[in-house]
Amino acid sequence: MTLTDVFSKDLFAGKHVFVTGGGSGINLGIAKSFAALGAKIAICGRSQERLDGAAGELRALGAEVFAQSADVRDYAALESAIEGARGALGSMSTLVCGAAGNFPAAAEALSPNGFKSVIDIDLLGSFNAARAAFPQLKETKGSIVFVSAGQAFSPHPMQAHVGAAKAGVDMLMKDLAVDWAKYGIRSNSVVPGPIDDTEGMRRLAPARGGKENVAKLVPLGRLGHVDDIGGVAAFLASPLASYITGTVLVCDGGTNLLGSGMWFSLMMGT
Ligand code: COA
Ligand code: NAP
């Protein structure tokens, strides 16, 4: 079953979807899902080379693409990319805040700058993107999809920086849902579970047999695929979700229902 078996391939025809961190992994998967449903796609990230590669993949799906490097921590650079995308593709209908940083580190081994780096990329970067996109989203009565994580609501070992950052992202999402409802702007989060063949999984699940061990611990019995998250993002941005705002939609095969015990076991080797 593919996305276009469920949704019309013209669902987002003429719409501009901007994805921060869209050059790789889950975020590129989200961008591809929107492209398959007819959207024009803008992506940013720090590496222009990576963005150019991703843009090629998106164009191969038939999408019109704008790709400009910007660090989400640098408001001026991000605003320039977001305004550039408006010039190329028209006003944005959907913003996906996916840029993030993660590495496993015990809190006592984490420097203040290490903690700050993740807060700045995930939380400040998400605010920066939403703030710079606001004029366009107000014009289109658009929506925002934040890419969160289970660390936002369940404490995980060696993830104090990520938990604080993603909990902040989800609260920002809810605050914007309230503040910007009067402009017709919706705001929601998607929480991916362990997604196969992604940088996040490579960084967090290398120990003790790696991803095969993780898959065995997922209640639905498999790792997720980037398309699983792309489908959720497309749903949240679609008219089907027009009465949904301020929601965290968890797409994880049931993983987070079990708390962080499996991660504890994998990370600590117990
Ligand atoms: N353990 C502990 N501290 C770490 C670390 C690790 N594995 N990796 C980086 N840090 C610390 C650095 O030591 C530095 O702190 P210091 O100045 O006190 O020494 C701080 O984090 C910033 O490191 P730097 O490499 O300068 O940051 P950056 O802005 O270039 O990169 C990161 C940001 C660290 C998040 C990097 O991992 C990254 O670019 N990640 C993007 C991709 C990613 O994480 N994907 C996974 C899914 S979200
Ligand atoms: P990824 O491929 O590393 O995605 C992160 C993207 O963000 C990269 O394209 C990276 O590109 C970009 N980025 C990083 N720092 C940036 C910055 N300062 N400014 C602009 N762009 C930046 O990792 P992923 O695993 O697919 O993760 C994608 C999202 O899913 C993240 O929000 C993550 O927290 C979330 N998530 C992942 C999993 C999982 O299983 N993988 C589970 C739960 C949640 P550059 O390096 O070129 O900048």
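Order of appearance sets the numbers: ligands from 1, and atoms from 1 within every ligand.
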**Message:** To check your reading of the model: name the closest protein heavy atom to atom 44 (O) of ligand 1, its residue, and the distance in Å.
**Reply:** Asn102 N, 2.8 Å

**Fill in**
ligand 2 atoms nearer than 4.0 angstrom to some heavy atom of Arg73 are 18 (N)

**Prompt:** Starting from atom 1 (N) of ligand 1, which protein heavy atom do you reach first, and at what distance in Å?
**Reply:** Phe103 CD1, 3.5 Å

**Message:** How far is atom 42 (C) of ligand 2 from the closest protein heavy atom, and which atom is that?
**Reply:** Gly193 O, 3.3 Å

**Asked** Looking at atom 13 (O) of ligand 1, what's its closest protein heavy atom, distance included?
**Response** Ser111 OG, 4.8 Å

**Request:** Tell me which part of His161 gets within contact of ligand 1: side chain, backbone, both or neither, using heavy atoms under 4.0 Å.
**Result:** neither

**Request:** For ligand 2, indicate whether the residue Arg50 contacts it via side chain, backbone, both or neither (heavy-atom separation under 4.0 Å).
**Result:** side chain

**Asked** Taking only heavy atoms of Gly25, which atoms of ligand 2 are found under 4.0 Å from at least one of them?
**Response** 2 (O), 26 (O)

**Message:** If you measure every N or O of Glu199 against every N or O of ligand 1, does any of those distances drop under 3.5 Å?
**Reply:** no

**Asked** Say you draw a straight line from CG of Asp227 to CD1 of Ile195; how long is it, rounded to the nearest 0.5 Å?
**Response** 10.0 Å

**Prompt:** Nearest protein heavy atom to atom 20 (C) of ligand 2, by residue and atom, and its distance?
**Reply:** Ala70 O, 3.4 Å

**side chain to side chain contact (heavy atoms under 4.5 Å, CB included) partner of Leu58, chosen from Glu64, Lys40, Lys32** = Lys32

**Request:** Just need the protein heavy atom nearest to atom 21 (O) of ligand 1, so name the residue and atom and give the distance.
**Result:** Gly114 CA, 3.2 Å

**Request:** List the closest protein heavy-atom neighbour of atom 16 (C) of ligand 2: residue, atom name, distance to the nearest 0.1 Å.
**Result:** Arg46 NE, 3.5 Å

**Request:** Mark whether atom 32 (C) of ligand 1 lies under 4.0 angstrom from at least one protein heavy atom.
**Result:** no

**Message:** For atom 14 (C) of ligand 1, tell me which residue out of Asp71, Asn113, Leu110 has the closest non-hydrogen atom.
**Reply:** Asn113

**Request:** Please state whether Thr20 comes within less than 4.0 angstrom of ligand 2, counting heavy atoms only.
**Result:** no

**Request:** Quick one: sort the His161 and Phe103 rings into parallel, tilted or perpendicular, breaks at 30° and 60°.
**Result:** tilted

**Request:** Please indicate whether any nitrogen or oxygen in Gly22 is less than 3.5 Å from any nitrogen or oxygen in ligand 2.
**Result:** no

**Asked** Identify the closest protein heavy atom to atom 43 (C) of ligand 2: which residue and atom is it, and at what distance?
**Response** Pro192 O, 3.3 Å

**Item:** Nearest-0.5 Å distance that lies between atom CG in Asp175 and atom CG in Asp170
**Value:** 11.0 Å

**Prompt:** Looking at atom 40 (O) of ligand 2, what's its closest protein heavy atom, distance included?
**Reply:** Ile195 N, 3.0 Å

**Side-chain heavy-atom pair Lys211, Pro194 within 4.5 angstrom cut-off** = no

**Request:** Please confirm whether Ser148 comes under 4.0 Å of ligand 2, counting heavy atoms of the residue only.
**Result:** yes

**Complete:** Among Gly21, Ala129, Gly125, Gly98, the residue with a heavy atom nearest to atom 6 (C) of ligand 2 is Gly21

**Message:** To check your reading of the model: name the closest protein heavy atom to atom 39 (O) of ligand 1, its residue, and the distance in Å.
**Reply:** Arg46 NH2, 2.8 Å

**Item:** Closer than 4.0 Å: a protein non-hydrogen atom to atom 48 (S) of ligand 1
**Value:** yes

**CZ (Phe127) with more than 12 external heavy atoms under 6.0 Å** = no

**Message:** Applying a heavy-atom cut-off of 4.0 Å, say which part of Ala100 lies close to ligand 1: side chain, backbone, both or neither.
**Reply:** both

**Asked** Considering only protein heavy atoms, which is closest to atom 18 (N) of ligand 2, and at what distance to one decimal place?
**Response** Asp71 OD1, 2.9 Å

**Item:** atom 35 (C) of ligand 1: the protein heavy-atom neighbour that sits closest, reported with distance to 0.1 Å
**Value:** Gly101 CA, 3.8 Å

**Message:** Could you check whether atom 11 (C) of ligand 1 has a protein contact, counting only heavy atoms that fall below 4.0 angstrom?
**Reply:** yes

**Asked** Please state which protein non-hydrogen atom is closest to atom 29 (O) of ligand 1 and give its distance, to 0.1 Å?
**Response** Arg73 NH1, 2.9 Å

**Prompt:** Among the heavy atoms of Gln151, does any lie under 4.0 Å from an atom of ligand 2?
**Reply:** no

**Complete:** For Glu199, the atoms of ligand 2 under 4.0 Å from one of its heavy atoms are 1 (P), 2 (O), 3 (O), 23 (O), 25 (O)

**Complete:** Numbered in order shown, the ligand 2 atoms found under 4.0 Å of a heavy atom of Val147 are 29 (C), 30 (O), 32 (O), 35 (C)

**Item:** N or O contact, Ile121 vs ligand 2, cut-off under 3.5 Å
**Value:** no

**Request:** Answer yes or no: does an N/O atom from Pro194 fall short of 3.5 Å to an N/O atom of ligand 2?
**Result:** no

**Prompt:** Of the listed options (Ile43, Ile30, Ile26), which comes nearest to atom 38 (C) of ligand 2 when hydrogens are ignored and any heavy atom counts?
**Reply:** Ile26

**Request:** Give the residue and atom name of whichever protein heavy atom lies nearest to atom 34 (O) of ligand 2, and the separation in Å to one decimal.
**Result:** Lys166 NZ, 3.0 Å

**Message:** Below a 4.0 angstrom heavy-atom separation, can you tell me which part of Ser24, side chain or backbone, both or neither, approaches ligand 2?
**Reply:** both

**Spatial distance of atom CG (Leu204) from atom CD (Gln159) [nearest 0.5 Å]** = 5.0 Å

**Prompt:** Atoms of ligand 2 less than 4.0 Å from Met201 heavy atoms?
**Reply:** 40 (O), 41 (N)

**Message:** Ala149 versus ligand 2: do any nitrogen or oxygen atoms come within less than 3.5 Å of each other?
**Reply:** no

**Message:** Within the 4.0 Å heavy-atom shell around Ser47, which atoms of ligand 2 are there?
**Reply:** 47 (O)

**Prompt:** So, for atom 25 (O) of ligand 1, does the protein have a heavy atom nearer than 4.0 Å?
**Reply:** no

**Message:** Heavy-atom distances under 4.0 Å decide this one: backbone, side chain, both or neither, for Cys44 against ligand 2?
**Reply:** neither

**Asked** Is the side chain of Ser148 donor-acceptor paired with the backbone N or O of Val191 at a distance under 3.5 Å, no angle test?
**Response** no

**Asked** With a 4.0 Å cut-off on heavy atoms, is Gly29 touching ligand 2?
**Response** no

**Prompt:** Does an N or O from Ala99, backbone or side chain, lie closer than 3.5 Å to an N or O of ligand 2?
**Reply:** no

**Prompt:** Between Ser117 and Asp120, do the side chains contain an N or O donor and an N or O acceptor separated by less than 3.5 Å?
**Reply:** no

**Request:** May I ask you to check if ligand 2 and Gly200 share an N or O to N or O distance below 3.5 Å?
**Result:** yes

**Prompt:** Looking only at protein heavy atoms, which one is nearest to atom 41 (N) of ligand 2, and how far off is it?
**Reply:** Thr198 OG1, 2.8 Å

**Prompt:** Of all the non-hydrogen atoms in the protein, which one sits nearest to atom 27 (O) of ligand 1, and at what distance?
**Reply:** Ser117 OG, 4.3 Å

